[in-house]
Amino acid sequence: MINAVGNRMTTEIRRQSNLARAISDSQSQISTGKRLQTAADDPVASSRLAILRQSNANDAAWAKNISLAASLSAQADNTLKSASDLMGRAKELLLAGASSSVSSSDRATMALELRDIAGELDGFQATTSLSGDRLFADVQPLAMRIDKDVTTIAVPGRAEIFDVGGVNVSDLVRSAASALETGNGALISVSLSAIDDGISQIADSAAKVGLRAA
């Protein structure tokens, strides 16, 4: 009889414990607004929730990358427009200096402006983004994931934009300045051709940036 009473007491204690736990779980659900407090409450639903949380985290990361890519593209577009204007000015100076009526003093002045242009082009190539990184990467351009199976490079690398046949456009402009100082028509003609190639390459790169932005 003692054993029977003991068993009933143990069963009642266990029942009261389970009831207290159920009441506590219900209170937690009410206070937090969450039906599932632990994965054990509903393993299937908890698994689905984990997948949804990961999906939401991915969407947030991709949205952030899209915003960053758009910002970088806009900055690159403005920079390339300025670089293109400078290259156009370099061509104007060369064409003007090619005339036989231009004095050596005037050519020296034009050459000085060309070297200033080359310095400005160096500055554009070293432009940094808002994050403090190089806008035009020297090595590998930044690839950003914007969807599950989609990555994009918002801005091409520096060499892809500013190197023509392995020669930097800044150096092409400096060579043009030297050619202008000599007054040698053949050298000026070679520099004009090189500057034209630089203008075309920067224009093509700006178009690529625009397409990628779109």
Side-chain angles (χ1 to χ4, degrees), residues 33-34 47-94 112-177 191-214:
K34 296 179 180 179
S47 176
R48 292 182 62 189
L49 282 173
I51 292 172
L52 286 172
R53 279 195 292 267
Q54 184 60 54
S55 177
N56 288 339
N58 289 340
D59 287 344
W62 296 336
K64 184 177 180 181
N65 284 346
I66 289 172
S67 177
L68 175 59
S71 174
L72 293 175
S73 296
Q75 186 179 4
D77 183 61
N78 289 332
T79 303
L80 292 179
K81 284 178 180 176
S82 296
S84 182
D85 290 342
L86 286 177
M87 292 294 287
R89 176 55 181 165
K91 182 177 180 177
E92 290 176 2
L93 290 169
L94 273 176
L112 184 62
E113 184 177 347
L114 284 171
R115 292 191 173 95
D116 287 340
I117 288 173
E120 290 187 67
L121 289 170
D122 286 336
F124 285 141
Q125 294 177 63
T127 298
T128 57
S129 66
L130 293 177
S131 63
D133 298 319
R134 284 289 185 94
L135 181 62
F136 307 106
D138 279 323
V139 188
Q140 181 65 35
L142 177 64
M144 290 176 284
R145 185 168 295 282
I146 59 174
D147 205 344
K148 181 180 179 181
D149 301 311
V150 181
T151 59
T152 187
I153 295 175
V155 181
R158 183 200 57 75
E160 185 179 342
I161 299 173
F162 295 103
D163 285 0
V164 180
V167 181
N168 192 269
V169 291
S170 297
D171 293 329
L172 293 179
V173 174
R174 290 187 178 94
S175 295
S191 287
L192 270 172
S193 178
I195 293 296
D196 277 335
D197 289 341
I199 290 173
S200 295
Q201 183 154 310
I202 291 175
D204 290 343
S205 297
K208 289 180 183 178
V209 169
L211 287 173
R212 288 172 178 174

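Not measured: the values here are computed from a predicted model. Count residues from 1 along the sequence.
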**Student:** Please report the closest heavy-atom contact between L121 and M87, naming both atoms and the distance.
**Tutor:**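 For L121 and M87, the tightest heavy-atom pair comes out as CD1-SD, 3.7 Å.
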
**Student:** Are D77 and K81 within salt-bridge range, i.e. N to O under 4.0 Å?
**Tutor:**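 Looking at K81 together with D77, the answer is yes, because their closest N to O distance falls below 4.0 Å.
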
**Student:** For A154 and R212, which heavy atoms make the closest approach, and how far apart are they?
**Tutor:**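 Smallest interatomic distance, heavy atoms only, reads O-CD, 4.2 Å.
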
**Student:** To the nearest 0.5 Å, what is the distance between CZ on R158 and OG on S205?
**Tutor:**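 R158 CZ to S205 OG: 11.5 Å, rounded to 0.5 Å.
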
**Student:** Grab the two heavy atoms, one from S170 and one from Q125, that are nearest each other, plus how far apart they are.
**Tutor:**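 Heavy-atom minimum between the residues: OG-NE2, 3.1 Å.
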
**Student:** To the nearest 0.5 Å, what is the distance between CG on N78 and OG on S73?
**Tutor:**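 N78 CG to S73 OG: 11.0 Å, rounded to 0.5 Å.
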
**Student:** State whether D116 and R89 are salt-bridged, where the test is any N-O pair (Lys NZ or Arg NE/NH1/NH2 against Asp/Glu carboxylate O) under 4.0 Å.
**Tutor:**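 R89 and D116: not salt-bridged.
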
**Student:** Of all heavy-atom pairs between F136 and A76, which one has the smallest distance, and what is that distance?
**Tutor:**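 Nearest heavy atoms, F136 then A76: CE2-CB, 4.1 Å.
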
**Student:** Run through I199, L86, V173 and flag the one making a side chain to side chain contact (heavy atoms under 4.5 Å, CB included) with K91.
**Tutor:**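 Running side chain to side chain contact (heavy atoms under 4.5 Å, CB included) over I199, L86, V173 with K91 returns exactly one hit, I199.
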
**Student:** Test side chain to side chain contact (heavy atoms under 4.5 Å, CB included) on I117 and L93; report intermediate values, then the result.
**Tutor:** CA-CA 11 Å; I117 288 173; L93 290 169; 4.1 Å; yes

**Student:** Could you state the interatomic distance from CG (L172) to OG (S193), rounded to the nearest 0.5 Å?
**Tutor:**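 Reported value, rounded in 0.5 Å steps: 10.0 Å.
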
**Student:** Would you say V169 and Q201 make side-chain contact, with heavy atoms under 4.5 Å?
**Tutor:**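 The answer is no, as the side chains (C-beta and beyond) never meet within the 4.5 Å cut-off.
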
**Student:** Work out which heavy atom in V155 is nearest to a heavy atom in L135; give both atom names and the distance.
**Tutor:**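 Scanning both residues completely, I find the closest heavy atoms to be CG1-O, 3.4 Å.
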
**Student:** Go through it in stages, so that I can follow the logic: the residues are K208 and L80, the test is side chain to side chain contact (heavy atoms under 4.5 Å, CB included), and I'd like the CA-CA distance, side-chain angles, deciding distance and then a yes or no.
**Tutor:** CA-CA 11 Å; K208 289 180 183 178; L80 292 179; over 6 Å; no

**Student:** For a quick test of reading the model, state the closest non-hydrogen atom pair linking I161 to I202 and the distance between them.
**Tutor:**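 The pair with the smallest heavy-atom distance is O-CG1, 4.0 Å.
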
